[in-house]
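Note: hydrogens, waters and symmetry copies are ignored here, and every other heavy atom, side chains too, is used.
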Amino acid sequence: MSAKVVDLLVVGAGPAGLAAALEAKRHGLEPLVVDENGLPGGQIYRSVSRSPLADPGVLGPDYLRGRALVDAFTSAGIAYWPQTLAWQIGADKRVSVTRQGAGGGTLQIQAGAIVLAGGAQERPFPIPGWTLPGVMGVGAAQTLLKASALVPDSPAVLAGCGPLLYLFAWQLINAGVPVRAILDTAEASGRRDALRHAGGALRAPSYLMKGFKLLRAIRAAGVQHVKHVEALRVLGTEHAEGIEYVVGGRTARIDTSLVLLHQGVIPNTQVTRSIGCEHVWDDAQLCWHPKTDAWGETSLPGIFVAGDGAGIAGALAAEPSGRLAAVQAAVKLGKLDAAKRDSRALSLRRELSAHTSIRPFLDALYRPAEAFRVPADDSTIVCRCEEVTAGDVRRMAGLGCVGPNQTKSFSRCGMGPCQGRFCGLTVAELLAQAQGCAVPEVGYYRIRPPIKPVTLGELATAVGTPDFLSERAGFPK
């Protein structure tokens with residue numbers, strides 16, 4: 001199959017990907033942006049250009065801010081392929097993609113450089129009952145609100161920790177949807193630990209004020225807010241009927257048919273692992289991320305990671321991160337000299353620092369408790385795809401299973417459609433706990449393409465290389 005040749009391929013059209021493409025265009029490159037979604041914006045700015053909400057302002061000013069970025073992208077004459085899955089990327093920067101919809105099919109792209117801007121995913125939250133109908137991630141519920149204007153038809157209980165938990169509660173309140181309760185699982189020690197990083201937080205006062213605003217609005221709405229929750233269990237047989245929790249040594253219950261769980265986000269590393277990029281363990285954020293240099297370049301030359309895929313820093317930090325990757329790619333591709341790159345990078349690094357100075361504070365304040373990362377109840381399902389429990393993983397460890405890759409042989413754990421996205425961290429921490437060692441010693445799944453399911457029909461349908469210069473951002477022919 002012949003390959004389409006491009007200067008720079010950007011995978012993902014969230015804030016990091018859009019910013020990278022705009023910066024690349026500024027320096028004379030012709031980038032191509034491929035995106036699984038139907039519209040640019042990623043998760044944070046999902047549907048911002050065509051919001052189905054009567055008043056998109058209910059999502060807040062941070063969401064509306066994305067409209068300017070998306071508008072700049074759609075008017076810049078940058079090639080944009082929506083509904084396109086990049087399912088195999090090689091170290092040689094040859095990429096296999098499948099385009100959805102009429103005229104869709106599979107083709108290959110040969111890129112001079114690649115910026116991966118796949119963003120983050122929600123951290124697994126394995127508690128008893130989390131696989132019942134009526135239990136969702138907060139991120140999934142937020143996607144339904146942004147993309148389809150769908151809201152809960154009954155008051156929901158939000159449980160867990162992290163900024164998104166409170167942001168979404170605030171967004172539901174703005175949309176006129178009652179919130180039954182917020183069960184905060186953050187440990188009391190998190191406040192003390194966060195104070196050690198107060199200096200960095202004070203350099204980002206807008207983030208602190210935003211947090212205070214959310215909490216004040218939630219309190220004014222009369223939402224029950226329970227702190228220092230030590231245990232959670234979703235009750236029900238065929239569907240969620242309630243949630244049980246422990247606080248101060250006492251057990252309580254709230255009847256509800258909808259539970260929304262969240263305990264932070266982690267980098268989506270499936271693509272970088274499949275390519276063979278080196279990864280490192282971040283003990284502050286309790287996750288893996290690809291090893292990158294100051295420009296976002298990975299251990300594989302010419303392959304960059306920008307935004308939350310390189311480490312959680314938020315949407316505002318993603319933009320300068322994407323731009324820094326693009327200017328270095330421009331140097332490597334001969335479109336920019338090092339002196340001009342460094343001059344441009346000065347302002348970008350200042351902007352990035354302004355948005356990352358608060359991260360150590362937030363990471364400590366919302367550090368997910370071990371009890372919610374490593375389930376003590378052996379009956380708790382860990383691998384949703386293959387229905388493998390925490391007890392199964394512990395028994396595997398007792399039989400000599402030393403790492404997540406071995407669990408595939410013992411039980412198919414990590415071999416389902418999600419390819420370990422929803423169980424990888426939990427399995428690694430369970431095995432590390434059972435063996436009395438650190439998570440980096442246990443390792444992670446070996447990820448192989450296709451990154452996501454691709455049908456035989458799609459593989460068999462090779463499409464001709466289109467003239468991407470005629471396919472401008474927004475609405476391909």
Less than 4.5 Å apart, any side-chain heavy atom of [X] and any of [Y]?
X: Tyr444; Y: Val439; value: no
X: Arg373; Y: Leu425; value: no
X: Arg273; Y: His279; value: yes
X: Tyr207; Y: His355; value: yes
X: Tyr63; Y: Ile44; value: no
X: Leu32; Y: Ile109; value: yes
X: Arg99; Y: Trp81; value: yes
X: Pro440; Y: Trp288; value: yes

Side chain of [X], backbone of [Y]: donor and acceptor closer than 3.5 Å?
X: Gln406; Y: Gly403; value: yes
X: Arg46; Y: Gly41; value: no
X: Ser75; Y: Asp71; value: yes
X: Thr143; Y: Gly139; value: yes
X: Ser347; Y: Arg344; value: yes
X: Glu297; Y: Gly302; value: yes
X: Trp130; Y: Ile381; value: yes
X: Asn37; Y: Pro82; value: no
X: Asp282; Y: Leu286; value: no
X: Ser411; Y: Cys413; value: yes

For the student: nearest non-hydrogen atoms of [X] and [Y], plus distance:
X: Glu122; Y: Ala140; value: OE1-N, 3.7 Å
X: Asp184; Y: Cys161; value: OD1-CB, 4.1 Å
X: Pro124; Y: Ile266; value: CD-CD1, 4.2 Å
X: Asp308; Y: Gly314; value: OD1-N, 3.0 Å
X: Leu18; Y: Ala13; value: CG-O, 3.5 Å
X: Thr269; Y: Pro290; value: CG2-CD, 4.2 Å

The single option from Val393, Val382, Leu431 passing side-chain contact (heavy atoms from CB on, under 4.5 Å) against Thr426: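 Answer to the side-chain contact (heavy atoms from CB on, under 4.5 Å) test with Thr426 among Val393, Val382, Leu431: Val382.
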
Take Thr84 and Asp35 through the side-chain contact (heavy atoms from CB on, under 4.5 Å) test and state the conclusion after the steps. CA-CA 5 Å; Thr84 302; Asp35 183 19; over 6 Å; no

Let me confirm one number: the [atom1]-[atom2] distance from [X] to [Y], rounded to the nearest 0.5 Å.
X: Leu167; Y: Trp170; atom1: CG; atom2: CH2; answer: 7.0 Å
X: Leu9; Y: Ile89; atom1: CG; atom2: CD1; answer: 7.0 Å
X: Arg384; Y: Thr131; atom1: CZ; atom2: OG1; answer: 6.0 Å
X: Leu324; Y: Arg341; atom1: CG; atom2: CZ; answer: 10.0 Å
X: Arg367; Y: Leu362; atom1: CZ; atom2: CG; answer: 14.0 Å
X: Leu459; Y: Ser96; atom1: CG; atom2: OG; answer: 8.5 Å

Phe73 and Tyr80: aromatic ring centres closer than 6.0 Å?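 Centroid distance Phe73-Tyr80: below 6.0 Å, so yes.
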
Taking it one step at a time, do Phe304 and Leu116 satisfy side-chain contact (heavy atoms from CB on, under 4.5 Å)? CA-CA 6 Å; Phe304 299 80; Leu116 301 172; over 6 Å; no

For [X], enumerate each residue passing the side-chain contact (heavy atoms from CB on, under 4.5 Å) test, keeping only those at least two apart in sequence or located in another chain.
X: Ser189; value: Glu187, Arg192, Asp193
X: Leu53; value: Ser51, Val58, Leu59, Leu145, Ala149
X: Ala330; value: His27, Leu29, Lys335, Leu336

Could you tell me whether Glu351 and Arg323 have a side-chain N and a carboxylate O separated by less than 4.0 Å?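 Judged by the 4.0 Å cut-off on N to carboxylate O distance, Glu351 and Arg323 do not form a salt bridge.
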
Using a strict threshold of under 4.0 Å (side-chain N to carboxylate O), is an ion pair present between Arg359 and Asp363?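 Looking at Asp363 and Arg359, the cut-off is met.
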
Holding to side-chain hydrogen bond (donor to acceptor under 3.5 Å, both in side chains), I want the full list of residues that pass it with Asp62, two or more places apart in sequence or in another chain.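 Applying side-chain hydrogen bond (donor to acceptor under 3.5 Å, both in side chains) to Asp62 gives Lys210.
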
Listed partners of Glu278 passing side-chain hydrogen bond (donor to acceptor under 3.5 Å, both in side chains), at least two apart: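 With neighbours one apart ignored, the set is empty.
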
Is atom CZ of Arg446 surrounded by more than 12 heavy atoms (other residues, nucleotides or ligands) closer than 6.0 Å?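 Incorrect, the count does not exceed 12.
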
Neighbour count above 12 (heavy atom, 6.0 Å) for Leu346 CG: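 Above 12, so yes.
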
Evaluate side-chain contact (heavy atoms from CB on, under 4.5 Å) for Glu30 paired with Val6, printing each intermediate quantity in order. CA-CA 7 Å; Glu30 287 293 347; Val6 300; over 6 Å; no

Applying the side chain to side chain donor-acceptor pair (under 3.5 Å) test to Gln108, which of Arg94, Lys4, Gln88 qualifies?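 Exactly one pass, corresponding to Arg94.
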
Do the ring planes of Tyr366 and Tyr166 sit parallel (below 30°), tilted (30 to 60°) or perpendicular (above 60°)?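 Tilted, since the angle between the ring planes falls between 30° and 60°.
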
side-chain contact (heavy atoms from CB on, under 4.5 Å), that's the test. Do Gln110 and Lys93 meet it? Break it down for me. CA-CA 6 Å; Gln110 181 64 60; Lys93 298 181 282 295; 4.1 Å; yes

Would Arg448 pass as a cation-pi partner of Trp87, given that its NZ or CZ must be under 6.0 Å from the six-membered ring centre and within 45 degrees of the axis?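 Checked: cation-pi criterion not met.
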
Quiz: residues 414-421 side-chain donor-acceptor pairs under 3.5 angstrom, not counting sequence neighbours:
{"residue": "Gln419", "atom": "NE2", "partner": "Pro450", "partner atom": "O", "Å": "2.8"}
{"residue": "Arg421", "atom": "NH1", "partner": "Cys418", "partner atom": "O", "Å": "2.8"}
{"residue": "Arg421", "atom": "NH2", "partner": "Ile451", "partner atom": "O", "Å": "3.2"}

May I ask you to check whether Thr292 and Thr298 show a side-chain donor-acceptor distance below 3.5 Å?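 No, because no side-chain N or O of Thr292 sits under 3.5 Å from a partner of the opposite role on Thr298.
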
List the steps and the verdict of side chain to side chain donor-acceptor pair (under 3.5 Å) for Gln142 and Gln43. CA-CA 9 Å; Gln142 189 189 53; Gln43 168 59 10; 3.2 Å; yes

